[in-house]
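In what follows, a structure is listed as structure tokens, so that the remarks can point back to it.
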Amino acid sequence: MGQNGSGPNGTRSSGPRCIALVGPFQSGKTTLLEAILARTGAVQRQGTVDAGTTIGDASKEARHHKMSVEATFATTTFMGDNYTFVDCPGSIEFIQDMRSVLPAIDAAVVVCEADEKKVPQLQLILRELEDQNIPHFLFLNKIDKADKRVRETIKLLQPASRAPLLLRQIPIWNGDIISGFVDLALERAYVYKEHAPSEIIELKGENLDRKKEARFTMLETLADHDDQLMEQLLEDIEPPRDKVFDDLSKELRDRIVCPVLLGVATRTNGVLRLLKALRHEAPGAGETAQRLGVKAGTDAVALVLKTFHTTHGGKMSVARLLAGQAGDGTTLTTAGGEAGRVSGVFKLMGQHFEKRGQAASGETVAFGKLDAAKTGDTLSSGKQPHATLVEIKPSPPVLAIAVQAKERKDDVKLGPAFTKLTEEDPSLTVVHNAENHEVVIWGQGEMHLRVAAERLAERFMVPVTTRPPSVGYRETIRKPITQRGRHKKQSGGHGQFGDVVLEIKPLPRGSGFKFEDRITGGVVPRNYIPAVEEGVVDALKHGPLGFPVVDLSVALIDGSYHTVDSSDQAFRTAGRIGIVEGLPQCQPVLLEPIHHVEIVCPTEATAKMNAILSGRRGQILGFDTREGWDGWDTVRAQMAEAEIGDLIIEVRSATAGVGSFVFKFDHMAELTGRTADQIIAARRAAE
Ligand SMILES: Nc1nc2c(ncn2[C@@H]2O[C@H](COP(=O)(O)OP(=O)(O)O)[C@@H](O)[C@H]2O)c(=O)[nH]1
Ligand SMILES: [Mg+2]
């Protein structure tokens with residue numbers, strides 16, 4: 001076997017690998033990482049998720065929530081090769097961390113279990129891999145708890161994958177439990193040993209028959225894309241073992257099939273076979289660099305998978321080197337031309353960093369102190385920056401919280417903390433709302449935002465309080481009137497005098513505000529008119545119901561002045577008074593923002609979505625099958641902003657965590673009755 005690069009069939013790729021562990025929430029990714037580290041000798045004892053002793057969930061937030069909330073990296077050695085494994089969080093709320101990692105990996109291991117409820121989540125994750133052309137294996141975990149035949153499980157999972165699932169191993173049953181497996185490519189039977197490599201046993205009897213049948217099914221699937229193999233099968237010729245392995249590897253790399261391996265992560269069962277499959281069949285860094293379009297040469301080219309700010313060590317950028325070498329002192333430039341010098345190269349082991357020497361092509365390491373590097377950036381050491389290798393688009397946000405520093409003195413620290421927060425996680429956005437002096441963080445769900453707030457406190461030292469953001473209510477008028485605004489003050493010497501007559505009229509929805517000057521004969525001198533308008537505009541910021549007033553016109557039609565006592569200030573006040581006194585007589589009415597919402601969900605949840613939308617004053621416009629997504633629907637509706645506020649929480653809980661939506665402002669609509677009264681009363685109480 002050749003040892004170099006990504007040669008033709010039969011040539012094993014060598015050199016450092018980067019492999020992501022992905023899959024639905026709770027399927028065993030963190031446990032599998034721990035098993036891999038134990039099996040390859042990187043840790044002495046296999047930790048457990050339940051005891052909080054794993055490398056993958058070592059961060060404070062992960063231990064606190066007993067789930068992975070960000071990608072964790074660990075580097076180990078297997079049979080002389082360097083492997084970095086990335087434990088990616090499974091929840092849709094933290095999918096951005098996985099998305100940023102995927103482009104740079106050689107292959108993914110999709111950890112899953114025989115659970116019907118998790119099929120939509122599996123589909124969601126497979127779709128990310130399929131869209132980014134990443135070769136992937138399925139690791140069917142928790143088979144110690146299996147209660148159905150593996151073939152039934154494959155049938156259950158198949159709809160989640162566009163590529164055919166290719167069963168590579170079948171279990172050996174011992175009564176009701178699985179005691180080992182048959183590898184269909186090797187044609188060998190193994191019995192599982194707890195925390196030790198499986199032992200080869202003789203393949204005979206019923207197991208031999210089942211192997212023959214399952215192997216034939218596997219070969220048939222492979223033969224769909226290999227005419228020679230098809231001929232051999234038709235002529236009953238046993239294909240050579242090497243040929244089968246070549247095909248397995250080729251069809252994995254071409255993403256024609258998705259091979260399925262079995263195991264029990266908690267007991268380290270099936271882990272060695274998984275590692276061997278990765279070693280022999282997964283592509284190497286050379287092919288990955290090609291897939292990404294890295295310019296070959298001597299310059300270092302690296303992709304930033306994640307950046308984070310450590311409390312003491314400053315900024316760290318986890319990056320995969322796709323070409324060249326980089327060490328302490330290497331200058332790396334982003335595609336945008338911002339340069340930085342590497343200060344320290346670190347080997348990754350969960351929350352632990354170990355200083356190491358220069359990184360070679362293919363390795364995944366953390367670079368210290370690259371202040372300009374952001375998650376997703378392409379870095380290079382050449383004179384000319386390398387073109388951006390990938391653009392990673394975050395999902396549109398679905399939930400927001402308004403935040404405030406707990407202590408006033410921390411206000412100045414908030415800005416820089418937000419910058420770091422959104423740099424580390426581009427699926428968070430911060431919006432400053434000038435109208436109501438609110439700072440709002442938008443994110444992917446409840447837990448995502450909770451973790452963001454924790455990070456502000458713990459990583460960036462700004463404890464914050466959070467509350468729901470305010471809704472963009474407005475008010476308008478229904479009835480036109482003409483109103484006088486008169487300001488007269490005689491206080492000792494110099495007095496104040498301004499007098500205006502305003503014609504206030506409703507305008508159609510969406511018109512905003514118009515001011516008209518209809519003064520004739522100079523009853524209000526020209527130079528005071530802008531001041532009148534200013535006074536009017538100022539008063540409209542806060543209407544009789546407590547909200548900004550829109551969709552009306554105000555015309556200045558009459559008035560009077562005083563040669564000594566009139567001033568800009570006096571006319572500004574007169575304009576104000578005209579509005580403040582006039583609007584309550586114009587039948588003010590509340591306006592609320594209505595958005596166009598599109599929910600995507602698995603079809604079985606569509607009826608529930610309709611119920612949720614109706615329960616939230618939504619107007620359902622219709623639903624369709626979701627384009628390109630088998631078994632999913634898109635439900636369209638118009639919905640009040642107030643009701644969208646925490647909509648995602650209900651959508652997620654009705655869809656086993658996979659439903660989502662996008663929304664866009666559509667129009668403002670009048671709101672009357674009890675709901676409106678409550679909103680107005682709440683506003684008064686808050687003032
Ligand atoms: N019975 C059984 N439980 C497992 C196995 N792998 C993981 N678990 C348990 O499943 C739960 C979720 O595992 P975890 O590794 O945190 O899943 P993750 O969310 O995918 O990282 C934990 O309680 C594990 O102990 C397995 O192979 N068999
Ligand atoms: Mg985990």
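Only this structure's heavy atoms are used, side chains among them; waters, hydrogens and symmetry mates stay out. Numbering of ligands and ligand atoms starts at 1, following listing order.
In the vicinity of Lys29, heavy-atom distances shorter than 4.0 Å reach the ligand 1 atoms 15 (O), 17 (O), 18 (P), 19 (O), 20 (O), 21 (O). Within ligand 1, counting atoms from 1 as listed, the ones closer than 4.0 Å to a heavy atom of Val49 are 14 (P), 15 (O), 16 (O). Contact atoms of ligand 1 toward Val264: 26 (C), 27 (O), 28 (N) (distance under 4.0 Å to a heavy atom of the residue).
By the 4.0 Å N-to-carboxylate-O rule, Arg168 lies close enough to Glu281 to be salt-bridged with it. A salt bridge does not link Glu363 with Arg320: none of the charged nitrogens is closer than 4.0 Å to a carboxylate oxygen. A salt bridge links Arg151 with Glu213: the distance from a Lys NZ or Arg NE/NH1/NH2 to an Asp or Glu carboxylate oxygen falls below 4.0 Å.
For the Mg ion (ligand 2), the N/O/S atoms of Thr30 include one lying under 2.8 Å.
Checked against a 3.5 angstrom limit, the closest N/O atoms of Thr31 and ligand 1 fall inside it. Polar contact with ligand 1: present for Ala265 (N/O pair, distance under 3.5 Å). Any N or O atom pair closer than 3.5 Å counts here, and Gly28 shares at least one such pair with ligand 1.
Contact annotation for Asp144 and ligand 1: only side-chain heavy atoms (C-beta onward) come within less than 4.0 Å of the ligand.
Shortest contact from atom 4 (C) of ligand 1 to any protein heavy atom: Thr266 CG2, 3.6 Å. Among all non-hydrogen protein atoms, the one lying nearest atom 19 (O) of ligand 1 is Gln26 N, 2.8 Å.
More than 12 non-hydrogen atoms from other residues, nucleotides or ligands lie less than 6.0 angstrom from CG of Asp254. The number of heavy atoms from other shown groups lying within 6.0 Å of CG (Asp209) is above 12.
Classified by interplanar angle (parallel below 30°, tilted 30° to 60°, perpendicular above 60°), the ring pair Tyr83/Phe78 is perpendicular.
Screening Lys211, Lys204, Arg210 for a side-chain hydrogen bond (donor to acceptor under 3.5 Å, both in side chains) with Asn207, the sole residue that qualifies is Arg210.
Side-chain polar atoms of Asp425 and His448 form a donor-acceptor pair below 3.5 angstrom. A side-chain donor-acceptor contact under 3.5 Å links Thr84 and Thr75.
Comparing Lys145, Arg267, Lys142 against atom 10 (O) of ligand 1, the shortest heavy-atom distance belongs to Lys142.
Within the structure, the closest approach of Asp50 to ligand 1 falls below 4.0 Å when heavy atoms are considered. At least one heavy atom of Asn141 sits closer than 4.0 Å to an atom of ligand 1. At least one heavy atom of Ser27 sits under 4.0 Å from some atom of ligand 1.
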